[in-house]
There are 2 protein chains.
Amino acid sequence: MTKKQQNIFNTALELFATDGVDATSTSKIAKVAGVSEGLIFRHFTNKEGLLQAILTEGLNKAHEYFQLIQVEIDPKTRIRKALELPFNILPEEYNFWRLVYTLKWQRGSVQTEEMSDFRASLADAFDQLNYENPSAEARLVESIIDGIATEVLLKDVHPKPLLKCVLDKYKLK
Amino acid sequence: MTKKQQNIFNTALELFATDGVDATSTSKIAKVAGVSEGLIFRHFTNKEGLLQAILTEGLNKAHEYFQLIQVEIDPKTRIRKALELPFNILPEEYNFWRLVYTLKWQRGSVQTEEMSDFRASLADAFDQLNYENPSAEARLVESIIDGIATEVLLKDVHPKPLLKCVLDKYKLK
DNA sequence: GTCTATACCAGGATAGAC
DNA sequence: GTCTATCCTGGTATAGAC
């Protein structure tokens, strides 16, 4: 990736995340990135291509995080690490996740394959701990993660006190 | 509201919710609603006015739900009713809530005034029950509600098993 | 790799007739 | 209250020069 290509990539991510993909024009991306509009299309074919480039790059990284949790053998630790996920989002990753959460509502959730692995490994953990309904528990954890992530990404306050409350509910600590 | 005005209102809500506001053109709304495009502007001034009309109508109804919870005196019942919220969304209301959740990510959450009342009444409930950090608990409940609502609205499965799991965490039954 | 110029179309919005 | 016709802007995308 050349310098200017990176510029396009980064400003597009920023603008897509804050204003939404549809509300972000290629001309604005070019202007903010300090680049000619034509260059966007040279490098990324079209606006959709630019979006896809951003998504695949970010999802690869994200995939690693999820993997790190699934390899955890102790069920309690696995659940705890999952619940800690939204509290460990790095500031550099905010834009990406805001984009992902926005897109959920229009294009359907991005990538379902690795997410179902993640859910399965959570259900397995709850099963080991003899919870009554492991798969429901797994779905609940996912929902809680989503809910807290939303709070973190939108309110921009790092809500450490919340973590204590959640872990408490699961008698982890 | 005349018949056609209602048509515009309803199809706009539907399209806004599924495709997003920006991706929904006034011409498409007109076409689907079986109405001339000009009529939209006669009735709602502009696209933004149409959106606002939809939002204020829906938020008034929503406000009532929240009020119903806040008047509940027993703290346990109040918390339980709050947590039940996402499970009681009516199918007719799906589009509205999908729209609201979408807009969160671009325009900032719609109306913060009545929501902070709601949060305060939750914190108060936790306070009465001698929880360690009532305000954090209140925020957590809100996050859980948001997370589950997302699950309900996007996956379109009514996840009753989840309810049992959540109530369990709060020792409500 | 990058820029300028430009084609082309679609979107929001208005005017005026019925 | 409703429709048709139309204007104008701005958005996506391409061509060709440097």
Side-chain angles (χ1 to χ4, degrees), chain A residues 1-58 95-96 98-100 102-103 105-108 110, chain B residues 1-58 95-96 98-100 102-103 105-108 110:
Chain A
M1 275 229 219
T2 82
K3 188 79 186 296
K4 298 220 165 188
Q5 195 168 0
Q6 269 294 349
N7 274 150
I8 295 169
F9 187 98
N10 291 331
T11 59
L13 172 52
E14 168 84 32
L15 292 173
F16 284 169
T18 48
D19 301 336
V21 176
D22 293 312
T24 302
S25 66
T26 50
S27 75
K28 186 171 182 188
I29 297 171
K31 211 167 295 166
V32 177
V35 156
S36 76
E37 195 174 353
L39 196 60
I40 295 175
F41 295 92
R42 272 257 163 274
H43 282 312
F44 300 96
T45 314
N46 53 30
K47 197 178 156 181
E48 182 64 26
L50 177 51
L51 174 61
Q52 290 305 325
I54 290 171
L55 286 180
T56 46
E57 210 246 26
N95 280 334
F96 172 73
R98 284 197 292 152
L99 176 58
V100 167
T102 313
L103 291 178
W105 295 95
Q106 257 76 58
R107 322 209 169 193
V110 214
Chain B
M1 275 228 216
T2 81
K3 188 79 187 296
K4 299 220 163 186
Q5 195 168 1
Q6 269 293 350
N7 274 149
I8 295 169
F9 188 99
N10 292 330
T11 59
L13 172 52
E14 169 83 33
L15 292 173
F16 283 168
T18 47
D19 300 336
V21 175
D22 293 312
T24 303
S25 66
T26 50
S27 75
K28 187 171 181 189
I29 297 173
K31 211 168 294 167
V32 177
V35 155
S36 76
E37 194 174 353
L39 196 60
I40 295 175
F41 295 93
R42 272 259 162 274
H43 283 312
F44 300 96
T45 314
N46 52 32
K47 197 179 160 182
E48 182 65 26
L50 176 51
L51 173 61
Q52 289 306 326
I54 290 172
L55 287 179
T56 46
E57 211 245 26
N95 280 333
F96 171 72
R98 283 196 292 151
L99 176 57
V100 168
T102 313
L103 292 178
W105 294 94
Q106 258 76 56
R107 322 208 170 194
V110 214

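Just so it is clear, the model here is predicted, and its values are computed rather than measured.
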>> Can you confirm whether B:Arg107 sits close enough to B:Val21 that some side-chain heavy atom of one is under 4.5 Å from a side-chain heavy atom of the other?
In response: yes
Review item, nucleotides 2-6 of chain C N/O atoms under 3.5 Å of protein N/O:
residue: C:dT2; atom: OP2; partner: A:Thr2; partner atom: OG1; Å: 3.1
residue: C:dT2; atom: OP2; partner: A:His43; partner atom: NE2; Å: 3.0
residue: C:dT2; atom: O4; partner: A:Arg42; partner atom: NE; Å: 3.4
residue: C:dC3; atom: OP1; partner: A:Lys4; partner atom: NZ; Å: 3.0
residue: C:dC3; atom: OP2; partner: A:Ser36; partner atom: N; Å: 2.9
residue: C:dC3; atom: OP2; partner: A:Ser36; partner atom: OG; Å: 3.0

> Are B:Asp19 and A:Asp22 close enough that some pair of their side-chain heavy atoms sits under 4.5 Å apart?
Replying inline: no
> Starting at NZ of A:Lys47 and ending at C1' of D:dG10, how long is that distance when rounded to a whole Å?
Replying inline: 12 Å
> Taking atom C1' of C:dA13 as reference, at what distance in whole Å does atom CZ of B:Phe41 sit?
Replying inline: 5 Å
> What distance do B:Phe16 atom CZ and B:Ile29 atom CD1 have between them, rounded to the nearest 0.5 Å?
Replying inline: 4.0 Å
> Using a distance-only test with no angle check, is there a side-chain donor-acceptor pair under 3.5 angstrom linking B:Glu37 and B:Ser27?
Replying inline: no
>> Just so I know, are the side chains of B:Gln52 and B:Phe44 near enough to count as touching, which here means a heavy-atom distance under 4.5 Å?
In response: no
> Within this structure, what is the CZ-to-C1' distance between B:Phe44 and D:dG1, rounded to whole angstrom?
Replying inline: 13 Å
> If you measure from CG on A:Leu103 to CG on A:Leu51, what distance do you get to the nearest 0.5 Å?
Replying inline: 6.0 Å
> Is any side-chain heavy atom of A:Leu99 closer than 4.5 Å to a side-chain heavy atom of A:Leu55?
Replying inline: yes
>> Just verifying a value: how many Å separate A:Asn46 CG and A:Ile40 CD1, rounded to the nearest 0.5 Å?
In response: 11.0 Å
> Rounding to a whole Å, what distance do you find between B:Ile40:CD1 and D:dG1:P?
Replying inline: 15 Å
> Is there a residue in residues 12-31 of chain B whose heavy atoms reach under 4.0 Å of DNA chain C, and which residues are they?
Replying inline: B:Thr24, B:Ser25, B:Thr26, B:Ser27
